[in-house]
There are 2 protein chains.
Amino acid sequence: MYLEIRHLRSIQAINTHKKLSAAADALCVTQSALSHQIKNLEETFNAELFFRKSRPLKLTPAGESLLKLANEIIPLVLDAEKELKQISLGTSGRLHIAIECHSCFEWLIPSMDNFKIDWPEVSLDLSFGFAFDPFPALLDGKLDLVVSSDPVDIDGIAFLPLFDFKMQLAVPLGHKFIEKGFVVPEDLEDETLITYPVDRERLDIYRGFLDPAGVTPKESRTAEMTIMMIQLVNSNCGIASLPSWAIHEYIERNRVAAVDLGKGGYWGTLYAAIREKDLQTPYMNSFVDIAKNTSLGLLFGVRDKK
Amino acid sequence: MYLEIRHLRSIQAINTHKKLSAAADALCVTQSALSHQIKNLEETFNAELFFRKSRPLKLTPAGESLLKLANEIIPLVLDAEKELKQISLGTSGRLHIAIECHSCFEWLIPSMDNFKIDWPEVSLDLSFGFAFDPFPALLDGKLDLVVSSDPVDIDGIAFLPLFDFKMQLAVPLGHKFIEKGFVVPEDLEDETLITYPVDRERLDIYRGFLDPAGVTPKESRTAEMTIMMIQLVNSNCGIASLPSWAIHEYIERNRVAAVDLGKGGYWGTLYAAIREKDLQTPYMNSFVDIAKNTSLGLLFGVRDKK
DNA sequence: AAATAACATGAATGAAATTCATAATAAACA
DNA sequence: TGTTTATTATGAATTTCATTCATGTTATTT
């Protein structure tokens, strides 16, 4: 037989009640059950656990060492059980977020700050620049939420819309597009397009604007960060497609100008991808709500998903 | 269902092997058993323990918290089991000794020192001046060994002889008994007898010498410690009955003289009383042996039990 | 897309813990 | 010291629980 937590509980109960029968009551078993249990323990360890010829019962050294173990272990077990209960109620847990969109920091950091206030027990983490496909990692539990503007149909993954945002083209000050106010895909055939260094099919400008029209820019280059792209645009090295909120502050500082993609502008949607299982997890839903509200209140050129 | 150590072992095994089947092998159960077990756990805690859609297996936060618990608890359990094994083999344990005879320190302390060398794992303790009857305490496990010169027939208690010792009468220098060399009970009728403050029937001088002859000293008084008794004798305040070994050093320092009780002297026997159950305990027997040898080599006026 | 490896599941089995009834023992009391 | 009372121990019957077996399902590899 193996030592189990049940036995430690018994030892503790016997030690506190000093009577088998009372201890058995406290443990919600019969006195007989407890007697048998102790006897088995004694046989497996080849040692008496308490002195039988005395009442109130007194533990032997062997019994004492089990009691010591019980006193060490049982509080730990109770703590762990409490933690598990929190996890199952969804008040505690883990939220590892990944973003592909580098400009998302702008709304994500404030959203996370707001989230922390309501859900202090949830451990937050943020990865960006996932070289690999984030969705398998999401399924595997390496990630818990992926921010994406490109919902794909993967079994076990749900895409919750966060907000719609206007994609714009950052162009140098005085660029010819500015007076038109917007561009059509064909306008870009002679331009150098600057994008984030991710797969083409993940870039809204291609997926939603250029590819449907069968247009490819003359040249393309990449930059890691928004500020770098703005720099390049400002230096007449190309034009960049960015969410309008990301361009906004640079327009105000007169570094670049912006034009819409198509008449009325091209709107994309940002989604939070989570495991379908987590659709029931309260803090997950709460995070999405908080991110929505935070972004809508903070960003320029965003609107609630229609 | 309740969380048990078995489950923690399973979580650990799953975490290290990253495969249910391999973990099951390591735990010597079938893969099916382990799968069922985990399923039960998940149902009781209402939380998944690892991500099923990924291989190698990865723990969820709930699984992690159980793993943490396992890593904390299992070493403690192993330690306790090792300790219990030591106790059952008799290489570890407890030896709480009680003495009534205050002069016994002289041989008991060196004996305990010698014992510690051979049995470092045994926890030693010494109580003296047990106001109450020590034998029930011995049966109850409050004590493990009682040094007594008065073997009584109690079920469950065994008396192991340590050594024979000569009882003598410490008398003031120049006392009239000295030239006789020994006294008969009647000689004490006109004396003040100094004894340890314990029940009369526990004192060898009464039990073995005076009571059989129906003699009671004129006066009696008590002293706690040997040195006090010697002081009183030296000051002509009475005569004291003590083991010859206890008087010996004071004779050499010319503080008192000693005379035998009866012609040839009165010899008592000192016993170690232990629980009969402990007759099989190796360190118990070893202690008695060590005490015997230490005393015989150290004390004056003792001999091996005939 | 097929083959393979791994996990999940349901029913049957088996082992182990519990209960019931009662005997044995210790403690309290007279 | 015996008698009563309270408590623990024991054996057999029972129930509960974990495990296995056989097989289905799902993921991964080729």
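Every chain is numbered from 1 and lettered A, B, ... according to where its sequence line falls, protein lines coming before strand lines.
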Asker: In this structure, how many angstroms lie between the P atom of D/dT16 and the CD atom of A/E4, rounded?
Answerer: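 In whole Å, D/dT16 P lies 20 Å from A/E4 CD.
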
Asker: Rounded to the nearest angstrom, tell me the gap between atom NE2 in B/H17 and atom C1' in C/dC7.
Answerer: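 These atoms are roughly 17 Å apart.
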
Asker: Rounded to whole Å, how long is the line connecting atom CE of B/M1 with atom P of C/dA17?
Answerer: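 Distance, rounded to whole Å: 15 Å.
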
Asker: Please compare A/P56 and B/L57 by the position of their nearest nucleotide in DNA chain C and report the one closer to 5'.
Answerer: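 So the residue in question is B/L57.
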
Asker: Rounded to the Å, how far apart are A/R52 CZ and C/dA26 P?
Answerer: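 Atom CZ in A/R52 sits about 12 Å away from atom P in C/dA26.
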
Asker: Quiz question: by atom type and distance under 3.5 Å, do the side chains of B/S10 and B/Q37 form a donor-acceptor pair?
Answerer: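 On atom types as modelled, these side chains qualify, holding a pair under 3.5 Å.
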
Asker: Give the rounded distance in Å between these two atoms: CD of B/E48 and C1' of C/dC7.
Answerer: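 Atom CD in B/E48 sits about 13 Å away from atom C1' in C/dC7.
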
Asker: Indicate, yes or no, whether a donor-acceptor pair under 3.5 Å links the base of D/dA9 to the side chain of A/Q31.
Answerer: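 Indeed there is one.
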
Asker: Rounded to whole Å, how long is the line connecting atom CG of A/D25 with atom C1' of C/dT18?
Answerer: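 Taking CG of A/D25 and C1' of C/dT18, I get 15 Å after rounding.
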
Asker: Does atom NZ of B/K68 have more than 12 heavy-atom neighbours, drawn from other residues, nucleotides or ligands, at distances under 6.0 Å?
Answerer: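 No.
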
Asker: Assign A/L34 to base, sugar-phosphate, or nothing according to its heavy-atom contacts below 4.0 angstrom with the strands shown.
Answerer: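 It contacts nothing in the nucleic acid.
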
Asker: What about A/H36: does its side chain form a donor-acceptor pair under 3.5 Å with the base of D/dT8?
Answerer: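 No.
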
Asker: From the options C/dC7, C/dT18, D/dA18, select the nucleotide whose nearest atom is closest to the side chain of B/N40.
Answerer: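 Nearest to the side chain of B/N40 among the choices is D/dA18.
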
Asker: OP1 or OP2 of D/dA18 sitting under 4.0 Å from any side-chain N/O of B/R6?
Answerer: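 Yes, such a contact exists.
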
Asker: Rounding to an integer number of Å, can you tell me how far A/F51 CZ sits from D/dT7 C1'?
Answerer: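 Result: 19 Å.
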
Asker: Looking for any heavy atom pair under 4.0 Å, which part of the strands does B/S32 touch: base, sugar-phosphate only, or nothing?
Answerer: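 Base contact.
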
Asker: Side chain of B/L20, heavy atoms from C-beta onward: which of C/dA8, C/dT19, D/dT19 has the nearest atom to it?
Answerer: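 So the nucleotide nearest the side chain must be C/dA8.
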
Asker: Answer with base, sugar-phosphate or nothing: what part of the nucleic acid does A/S35 contact at a heavy-atom distance below 4.0 Å?
Answerer: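 Base: the residue A/S35, judged by heavy atoms under 4.0 Å, touches a nucleobase.
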
Asker: So does A/K58 have more than 12 non-hydrogen atoms from other groups sitting under 6.0 Å from NZ?
Answerer: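 Yes, enclosed.
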
Asker: Would you check if B/L8 and B/V77 make a side-chain contact, meaning some heavy-atom pair closer than 4.5 Å?
Answerer: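 In short, these two side chains do not touch, never coming nearer than 4.5 Å.
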
Asker: Which nucleotide, C/dC7, C/dC20, D/dT19, lies nearest any side-chain atom of B/V29?
Answerer: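 So the nucleotide nearest the side chain must be D/dT19.
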
Asker: Do the side chain of A/D150 and the main chain of A/L203 share a donor and acceptor less than 3.5 angstrom apart?
Answerer: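 No.
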
Asker: Expressed in angstrom and rounded to an integer, what is the separation of B/I14 atom CD1 from C/dA6 atom P?
Answerer: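 It is 15 Å, rounded to the nearest whole Å.
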
Asker: Using heavy-atom distances to pick each residue's nearest nucleotide on DNA chain C, tell me which of A/C28 and B/A22 is more 5'.
Answerer: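 Its nucleotide being nearer the 5' end, the pick is B/A22.
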
